[in-house]
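Okay, structure first, notes after.
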Amino acid sequence: MEFMHQILQQLINGISLGSIYALIALGYTMIYGIIKLINFAHGDIYMVGAYLGFYAITLGIPVLPAILISMAVTSLLGVLVERFAYRPLRHAPRISVLITAIGVSFLLEYVMMAVVSPTPRTFPATISDVSFDVAGLIISGQQLLIMGVTFVLMLILTYIVRSTKIGKAMRAASYDTEAAQLMGINANRIISVTFAIGSALAAVAGVLIGIYYNSIDPLMGLMPGIKAFVAAVFGGIGILPGAVVGGLVLGIVEAFISGFGFSMFRDAAAFAILILVLLLKPAGIFGKNIKEKV
């Protein structure tokens with residue numbers, strides 16, 4: 001009975017952590033789905049979002065408005081990165097764009113270090129130390145906030161992609177950008193919107209992780225960014241439900257590894273999952289094996 005209780009407790013912990021990975025992974029997979037770009041700067045957008053939320057909350061702004069401010073500013077940052085770093089290389093070799101993405105990642109990290117200093121910051125206490133006991137399972141206020149905000153954002157994103165004009169244009173561009181342009185869709189606008197939405201989701205994840213772990217620093221986006229990429233690959237990069245499932249699975253795996261006393265292997269688990277997926281099903285759980293254009 002005690003063993004089953006511990007399993008359920010770690011499952012709750014894993015879902016809350018996996019929700020963070022899912023939010024970041026959605027940005028990865030949306031951008032890849034449209035322009036086939038692995039945006040390694042995405043984890044640093046998440047870091048910038050965390051700092052924006054930190055300063056907003058420090059100024060006395062409540063949590064939800066602070067999240068909205070962070071989303072708005074990082075959306076603009078994502079659009080600017082796409083416009084000035086990636087768009088000029090739209091038709092360049094893949095390796096050039098990949099190197100540029102890595103360069104943008106380092107640029108954001110070191111600019112933030114210069115602006116805010118490399119010293120980790122303690123996130124302001126936004127939610128009282130409250131927890132709920134449900135049949136012996138402990139759910140903290142931070143976990144409820146993370147799961148609640150993530151669930152609402154998933155519903156909003158699903159509605160945008162499935163039921164709005166811009167969402168239909170995004171889906172059309174993801175299938176064939178050139179054909180979408182011939183049908184009158186403004187590809188540049190759609191790509192900018194995709195970067196804006198993906199960056200906003202990453203910003204939410206940054207603020208929530210600051211609330212959850214109570215600490216942020218300019219290099220905090222590196223490992224979560226890589227793990228979110230693993231989550232996107234696991235689910236099938238370019239597929240939105242796959243990113244969500246991949247993030248949740250990765251969070252649950254990490255929670256179980258940490259919860260049963262093997263926390264030193266927590267980060268290694270993400271890379272082990274990546275290797276297994278690439279060996280057994282390279283297209284991901286929801287992906288289909290197709291030949292990539294050279």
Side-chain angles (χ1 to χ4, degrees), residues 10-32 37-50 74 98 101-102 104-106 108-109 142-143 146-147 149-150 153-154 198-199 201-213 215-260 262-282 284-287:
Q10 295 307 325
L11 186 62
I12 293 171
N13 297 340
I15 290 173
S16 61
L17 178 60
S19 298
I20 300 292
Y21 292 147
L23 287 174
I24 310 173
L26 281 168
Y28 266 117
T29 208
M30 288 174 66
I31 292 168
Y32 184 86
L37 164 68
I38 299 172
N39 181 21
F40 281 118
H42 194 64
D44 298 294
I45 298 285
Y46 151 91
M47 174 270 295
V48 172
T74 49
L98 182 63
I102 296 172
V104 172
S105 173
F106 284 120
L108 290 174
E109 289 174 7
Q142 291 94 334
Q143 288 175 326
I146 289 171
M147 291 186 282
V149 170
T150 301
L153 288 175
M154 299 298 180
S199 299
L201 293 174
V204 176
V207 178
L208 292 177
I209 207 70
I211 293 171
Y212 192 48
Y213 286 121
S215 177
I216 58 174
D217 67 84
L219 297 179
M220 64 179 282
L222 180 60
M223 189 57 69
I226 294 174
K227 289 179 179 179
F229 171 67
V230 172
V233 172
F234 177 86
I237 194 162
I239 302 171
L240 296 183
V244 176
V245 171
L248 292 175
V249 168
L250 188 58
I252 290 169
V253 168
E254 285 194 14
F256 274 95
I257 289 174
S258 299
F260 287 98
F262 300 97
S263 56
M264 71 287 291
F265 298 113
R266 190 181 71 172
D267 291 337
F271 301 104
I273 289 172
L274 178 62
I275 292 169
L276 286 174
V277 170
L278 293 176
L279 287 174
L280 301 176
K281 201 173 190 304
I285 301 300
F286 295 97

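Note that the numbering runs from 1 along the sequence shown for the chain. We use all heavy atoms of the structure for the numbers below, so side chains are in, but hydrogens, waters and symmetry mates are not.
When all heavy atoms of Met220 and Gly206 are compared, the pair lying nearest together is CE-O, 4.4 Å. Residues Thr74 and Ser199 approach most closely at O-CB, 3.2 Å, considering heavy atoms. Contact record, Leu240 with Leu26: O-CD2, 3.7 Å, taken as the closest heavy-atom pair. Between Ile239 and Thr29 the shortest heavy-atom distance is N-OG1, 3.1 Å. The two residues His42 and Gly27 come nearest to each other via the heavy atoms NE2-CA, 3.5 Å. Scanning both residues, Ala25 and Ala228, for their nearest heavy atoms gives CB-O, 3.4 Å.
How far CG of Leu248 is from CD1 of Ile15: 7.0 Å, rounded to the nearest 0.5 Å. To the nearest 0.5 angstrom, Arg266 atom CZ is 5.0 Å from Ser258 atom OG. The CG atom of Asp44 sits 8.5 Å away from the CG atom of Leu219 when rounded to the nearest 0.5 Å. In this structure, the separation between OH on Tyr46 and CG on Leu108 is 14.5 Å, given to the nearest 0.5 Å. Considering CD1 of Ile20 and NZ of Lys227, their distance stands at 12.5 Å, rounded to 0.5 Å. Within the model, atoms CD1 of Ile237 and CD1 of Ile38 stand 5.0 Å from one another, a figure rounded to the nearest 0.5 Å.
Contact check for Leu274 versus Phe234: no side-chain heavy atoms found under the 4.5 Å cut-off. With a 4.5 Å cut-off on side-chain heavy atoms, Ile209 and Pro224 do not count as touching. The side-chain heavy atoms of Met147 and Ser19, taken from C-beta on, include a pair separated by under 4.5 Å. Using a 4.5 Å heavy-atom cutoff, the side chains of Ile146 and Leu17 are not in contact. For the pair Val244 and Tyr21, the minimum side-chain heavy-atom distance is 4.5 Å or more. Considering only heavy atoms from C-beta on, Val245 stays 4.5 Å or farther from Ile285 through its side chain.
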Please step through side chain to side chain contact (heavy atoms under 4.5 Å, CB included) for the pair Leu201 and Ile24, ending with a clear verdict.
CA-CA 6 Å; Leu201 293 174; Ile24 310 173; over 6 Å; no
Quick one, Gln10 with Asn13, criterion side chain to side chain contact (heavy atoms under 4.5 Å, CB included). Give me CA distance, side-chain angles, the key distance, then yes/no.
CA-CA 5 Å; Gln10 295 307 325; Asn13 297 340; 3.5 Å; yes
Check against side chain to side chain contact (heavy atoms under 4.5 Å, CB included), Asn39 and Val104:
CA-CA 9 Å; Asn39 181 21; Val104 172; 5.8 Å; no
Working note: Leu222 + Met47, criterion side chain to side chain contact (heavy atoms under 4.5 Å, CB included); need CA distance, chi angles, decisive distance, verdict.
CA-CA 9 Å; Leu222 180 60; Met47 174 270 295; over 6 Å; no
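Under a cut-off of 6.0 angstrom, the local environment of CZ in Phe265 is sparse, with at most 12 non-hydrogen atoms contributed by other residues, nucleotides or ligands.
The ring of Phe40 has its center closer than 6.0 angstrom to the ring center of Phe229.
Tyr32 contributes no side-chain N or O that, together with a main-chain N or O of Ala232, makes up a donor-acceptor pair within less than 3.5 Å.
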